[in-house]
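Excluded from the calculations below are hydrogen atoms, water molecules and symmetry mates; all remaining heavy atoms, backbone and side chain alike, are included.
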Amino acid sequence: MAAGIDLGDQRAVRTYLLSMFDGWDESLRYILRNSDNGFINRPLSVLPAPHTWEHVRGVTLSAMPRT
């Protein structure tokens, strides 16, 4: 379950996602509307807000996705 929707119910997931992206360009909504695979819930990991750090000239922060 994600957002109260059974991920095994493709029609329900598709309807939910299309409603979430209402008003977006149709070329992007096309992907949701015409996918032929199931949907996978991939949680996002984010830093707590407001999270800040001091700027250090010449240093770039980079992150690798969790596997």
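Between Asp36 atom CG and Gln10 atom CD the span is 8.5 Å, to the nearest 0.5 Å. Atom CG of residue Leu17 and atom CD1 of residue Ile31 lie 12.0 Å apart, to the nearest 0.5 angstrom.
Annotation: side chain to side chain contact (heavy atoms under 4.5 Å, CB included) contacts of Ser35 (sequence neighbours excluded): Arg14, Phe39.
Judged as a side-chain hydrogen bond (donor to acceptor under 3.5 Å, both in side chains), the pairs with a partner in residues 17-28 (not counting sequence neighbours) are, in order, Asp25-Ser27, Glu26-Arg33.
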key: Residues Ile40, Leu7; criterion side-chain contact (heavy atoms from CB on, under 4.5 Å); working and verdict   = CA-CA 7 Å; Ile40 299 171; Leu7 294 178; over 6 Å; no

message = Walk me through whether Leu32 and Phe21 qualify under side-chain contact (heavy atoms from CB on, under 4.5 Å).
response = CA-CA 10 Å; Leu32 296 174; Phe21 293 99; 3.8 Å; yes

request  = Test His51 against Trp53 for ring-ring contact (aromatic ring centres under 6.0 Å, His included), laying out the working first.
outcome  = CA-CA 7 Å; His51 186 80; Trp53 50 83; 5.5 Å; yes

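Val46 and Met20 sit in two unconnected hydrophobic clusters of ILVMFWY residues. Membership requires side-chain heavy atoms under 4.5 Å apart, directly or through other members.
Think of Val56 as one node in a network of Ile, Leu, Val, Met, Phe, Trp and Tyr side chains linked at under 4.5 Å; its network also takes in Val59.
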